[in-house]
K.L.:
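Let me give you the structure first, and then I'll get to my questions.
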Amino acid sequence: MYHCSEMYVGTMDFEEAFKVVDTAVFAKRKRHLKDIEVAILRGSWQGHKYHEIAEAYGYTVDYLKQDIGPKLWQLLSEVLGEKVSKTNFQVALERQLTPNVIERIITPNSELKTHHCDWGEAIDVSVFFGRIDELATLNQWIVQDRCRLVTLLGMGGIGKTSLAVKLAEQIQGEFEYLIWRSLHYAPSLLAILTDLNQFFGSELETLPTTIDLQISLLLKRLRTHRCLLILDDWETILRGGDIAGYYRQGYEDYGEFLKRVGGERHQSTLVLASREKPIEVVFQAGETSPVRVLEVKGLKPKDAKQLLATKGLYDTEKKLDELIEIYRGHPSALKTIATTIQDLFNGNITEFIGQSSLVIGDIFSHILNQHFERLSDLEKTILYWLAIEYQPISLAQLKTNLGVGVSCSELLAALESLGRRCLIDKTTSALIEKQTSCCNHETLFTLEPVVMSYVINQFIEQIVQDIIEAMQANSIEKLGLLRIHALVKEDEADNIKAIQVHFILTRIKERLHLKFKDASRVEMHLKNLHSLLRGYSGEAIAYAEHNLLNLLREMQ
């Protein structure tokens, strides 16, 4: 607890004042001050005007002056028991916050709770940007609605872990126990349960040896105490190469653990951070259910600009908005790209954006590699087609591209799985039915720009590898992706075909030239492969002939 007797009125600095005010607000309203409120307080303490605070923190003047500011001063007026405004904020504190008044404000009726915290492998979030809306939503779900199970879902590097730590810091006062654990090294459920039950302390001399009894013992603790458990890196215990959400062999008991924590009555909350949605959460979650899911997206532009500023990139070229939009505010991507822009382009954002394709740094590629390696073959095929199309397409269009070899049920299951992995975007398109003049909304599927660029790169690498193997084996059986995907779709609009030629066909040609060092030799091999197609049925060669002819034209 903060020792108020150590504060001397008239000599307090902002950090001292902030600690007391934040604690007082929490005691009255059961919430901590928001980042934007702290920004106004700090600026007011330093004598800055609203326009100076807005410029420093990336907000609009009207938003601070007409919305957040008045609400903040009203809040502090209620907490301090006298009229507080921007101009008298510091004076009011120095007049009111003597040790006895501080004690009265902070602990009006009872002593503060005693907390038992084990932060485990939780990261430092002293540098944290934005997420005001997400934190407010999670606070509502956990503190007000008393949700039993909350999942933070999102791509790698999107900021799930940072958000979970910041959330835990803000709401820890609501709980008797706070425990953070990472599943990064995929511990067994029995090991996790034993660890948790030992932390709580058990009246039993020896803990149960079975998982069911250990779960029951933990749930007893969750019923008798208000506990916040955070389990990070949940995806490490889920299996790859298959539909998302199911468990690796030997880890199936984690599913039963989630069922019981989400389904049985208790007064605690388990927070998961995961790149993939567990199947139990899929079935249990709902808007009014005690089990809920928050999909973590990229940072808002003003928050992303603050992040880029820490990497030395500022809005001098008016190009930051475009850069942030390209990467959808993805924090890890922006950090990586900012370094690339500084190192290779001397901080010139315009020059970087002018490149012919998105640049994905080694760190961010590593994150996407981890996602891609976990996909089933059908999921990879779907991503390839979405990248080739380069624009949102309907379920019917996607089914046509995949052909008769994939059933509707298989396609829907794969799309749901990609959604649980946060790898596809969905949008809607209004369709007008001529006969009825009715407007129906059709769901369209696509990829975010960075994911699309990555998938195109993977597609090109695999196509080139398949062609080389086919050349070496002198067999069309090795053509792989070249048989089941069109490099350029003839029925597309001219602008889309031009994109497919530029981003796919031309780059395949360049990679083959780089490999063989002789354009005429590459052309000879491609002609030979084309001749091998004679005698095969159209179904057997699929897109192979069309693709080889397009590559030969590009060579010439």
Side-chain angles (χ1 to χ4, degrees), residues 154-156 241 243-244 275-276 295 297-298 325-328 330 333 357-358 360 364-365 367-429 441-463 466 480-493 495-505 507-508 542-543 546-547:
M155 289 179 60
I243 296 299
R275 298 182 185 185
E276 300 176 14
E295 186 170 344
K297 299 286 191 177
E325 174 60 22
I326 289 174
Y327 292 94
R328 296 297 194 269
H330 191 294
S357 62
L358 291 173
I360 304 177
F364 195 58
S365 288
I367 291 173
L368 288 173
N369 284 340
Q370 293 172 350
H371 280 279
F372 203 74
E373 289 166 0
R374 299 178 63 83
L375 300 180
S376 66
D377 289 341
L378 179 54
E379 287 175 301
K380 290 179 182 178
T381 299
I382 291 171
L383 291 189
Y384 288 146
W385 272 117
L386 292 177
I388 291 167
E389 291 285 358
Y390 214 80
Q391 60 184 338
I393 62 172
S394 67
L395 182 65
Q397 289 172 296
L398 188 54
K399 180 68 174 70
T400 299
N401 288 345
L402 291 170
V404 295
V406 178
S407 68
C408 285
S409 60
E410 290 173 324
L411 174 56
L412 289 174
L415 284 171
E416 289 178 354
S417 179
L418 288 168
R420 293 200 288 269
R421 301 185 199 272
C422 302
L423 286 178
I424 58 173
D425 268 2
K426 290 185 290 184
T427 184
T428 57
S429 175
H441 289 85
E442 183 179 34
T443 300
L444 303 179
F445 301 90
T446 189
L447 305 177
E448 289 187 357
V450 174
V451 177
M452 184 172 293
S453 176
Y454 173 85
V455 172
I456 287 175
N457 289 343
Q458 292 294 311
F459 181 65
I460 290 170
E461 289 294 325
Q462 189 60 55
I463 286 285
D466 289 346
L481 295 184
L482 207 68
R483 294 173 58 245
I484 60 176
H485 293 277
L487 303 182
V488 179
K489 294 192 68 183
E490 295 302 322
D491 57 348
E492 294 284 9
N495 63 319
I496 297 298
K497 284 196 290 186
I499 290 172
Q500 292 168 345
V501 169
H502 179 67
F503 283 105
I504 299 176
L505 201 63
R507 291 173 64 191
I508 292 173
Y543 293 103
H546 176 73
N547 288 332

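Since the model is a prediction, treat every value here as computed from it, not as a measurement. The residues of the chain are indexed from 1 along the displayed sequence.
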K.L.:
On a heavy-atom basis, which atom in Met155 and which in Arg275 lie closest, and how many Å separate them?
P.N.:
C-CG, 4.4 Å

K.L.:
Could you check Gln462 against Asp466 for side chain to side chain donor-acceptor pair (under 3.5 Å), going step by step and ending with a plain yes or no?
P.N.:
CA-CA 6 Å; Gln462 189 60 55; Asp466 289 346; 2.9 Å; yes

K.L.:
Give me the atom names and distance for the closest heavy-atom approach of Glu295 to Cys422.
P.N.:
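Nearest heavy atoms, Glu295 then Cys422: OE2-SG, 3.9 Å.
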
K.L.:
May I have the step-by-step check of side chain to side chain contact (heavy atoms under 4.5 Å, CB included) for Leu487 and His546, ending in yes or no?
P.N.:
CA-CA 9 Å; Leu487 303 182; His546 176 73; over 6 Å; no

K.L.:
Write down the atom of Trp385, the atom of Ala486, and the distance for their closest heavy-atom approach.
P.N.:
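Smallest heavy-atom distance, with atoms named: CH2-N, 3.3 Å.
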
K.L.:
Which heavy atom in Val406 sits nearest to a heavy atom in Leu411, and how many Å separate them?
P.N.:
CG1-N, 4.1 Å

K.L.:
Applying side-chain contact (heavy atoms from CB on, under 4.5 Å), name anything that partners Lys497, two or more places apart in sequence or on another chain.
P.N.:
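In terms of side-chain contact (heavy atoms from CB on, under 4.5 Å), with neighbours along the sequence ignored, Lys497 is linked to Val488, Glu490, Glu492, Asp494, Gln500.
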
K.L.:
Whether the side chain of Ser453 engages the backbone of Pro449 through a donor-acceptor N/O pair (distance < 3.5 Å, no angle test) should be reported.
P.N.:
no

K.L.:
Check Leu398, Leu375, Ile424 against Ile382 for a side chain to side chain contact (heavy atoms under 4.5 Å, CB included) and give me the one that passes.
P.N.:
Leu398

K.L.:
Which atom pair, heavy atoms only, marks the closest approach of Ser394 to Phe445?
P.N.:
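The pair with the smallest heavy-atom distance is C-CD1, 4.5 Å.
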
K.L.:
Can a donor-acceptor pair be found, under 3.5 Å and without considering hydrogens, that links the side chain of Lys297 to the backbone of Gly154?
P.N.:
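Such a contact is absent between Lys297 side chain and Gly154 backbone.
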
K.L.:
How would you list all residue pairs meeting salt bridge (charged side-chain N to carboxylate O under 4.0 Å, His left out) that involve residues 448-461, not counting sequence neighbours?
P.N.:
Glu461-Arg511

K.L.:
So Leu386 and Thr446, do their side chains get closer than 4.5 Å, heavy atoms only?
P.N.:
no

K.L.:
Mind checking the CZ-OH spacing from Arg483 to Tyr543? Nearest 0.5 Å is all I need.
P.N.:
12.5 Å

K.L.:
How many angstroms lie between atom CD of Gln370 and atom OG of Ser365, to the nearest 0.5 angstrom?
P.N.:
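Atom-to-atom, Gln370:CD and Ser365:OG are 11.5 Å apart.
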
K.L.:
So Arg507 and Asn457, do their side chains get closer than 4.5 Å, heavy atoms only?
P.N.:
yes

K.L.:
Does the side chain to side chain contact (heavy atoms under 4.5 Å, CB included) test come out yes or no for Ile460 and Phe503, once each step is laid out?
P.N.:
CA-CA 9 Å; Ile460 290 170; Phe503 283 105; over 6 Å; no

K.L.:
Has Thr381 got a side-chain atom pairing as donor or acceptor with Asp377's backbone, closer than 3.5 angstrom?
P.N.:
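Confirmed, Thr381 side chain pairs with Asp377 backbone.
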
K.L.:
Would you please name every residue forming a side-chain contact (heavy atoms from CB on, under 4.5 Å) with Ala387, sequence neighbours left out?
P.N.:
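By the side-chain contact (heavy atoms from CB on, under 4.5 Å) rule, Ala387 matches Leu447, Met452, Val455, Ile456.
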
K.L.:
Any idea how Tyr384 and Phe372 line up, ring-wise: parallel (<30°), tilted (30 to 60°), or perpendicular (>60°)?
P.N.:
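The rings of Tyr384 and Phe372 sit tilted, inter-plane angle from 30° to 60°.
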
K.L.:
Would you compute the distance between atom CD1 of Ile367 and atom NE2 of His330 and round it to the nearest 0.5 angstrom?
P.N.:
6.0 Å

K.L.:
Rounded at 0.5 Å granularity, tell me how far CG in Leu368 sits from CG in Leu423.
P.N.:
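These two atoms lie 8.0 Å from each other.
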
K.L.:
How long is the span from the CG atom in Asn401 to the CD1 atom in Ile388, to the nearest 0.5 Å?
P.N.:
8.0 Å

K.L.:
Can you list everything that forms a salt bridge (Lys or Arg N to Asp or Glu O under 4.0 Å) with Glu325? Sequence neighbours excluded, please.
P.N.:
Arg328

K.L.:
Going by the salt bridge (charged side-chain N to carboxylate O under 4.0 Å, His left out) test, which pairs reach into residues 400-417, not counting sequence neighbours?
P.N.:
none

K.L.:
Show the numbers, then the answer: is there a side chain to side chain contact (heavy atoms under 4.5 Å, CB included) between Val451 and Leu383?
P.N.:
CA-CA 9 Å; Val451 177; Leu383 291 189; 5.5 Å; no

K.L.:
For the SG atom of Cys408 and the CG atom of Leu415, what is their distance to the nearest 0.5 Å?
P.N.:
10.5 Å

K.L.:
Just to verify, what does Arg421 make a side-chain hydrogen bond (donor to acceptor under 3.5 Å, both in side chains) with, not counting sequence neighbours?
P.N.:
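So Arg421 forms a side-chain hydrogen bond (donor to acceptor under 3.5 Å, both in side chains) with Glu276, Glu379.
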
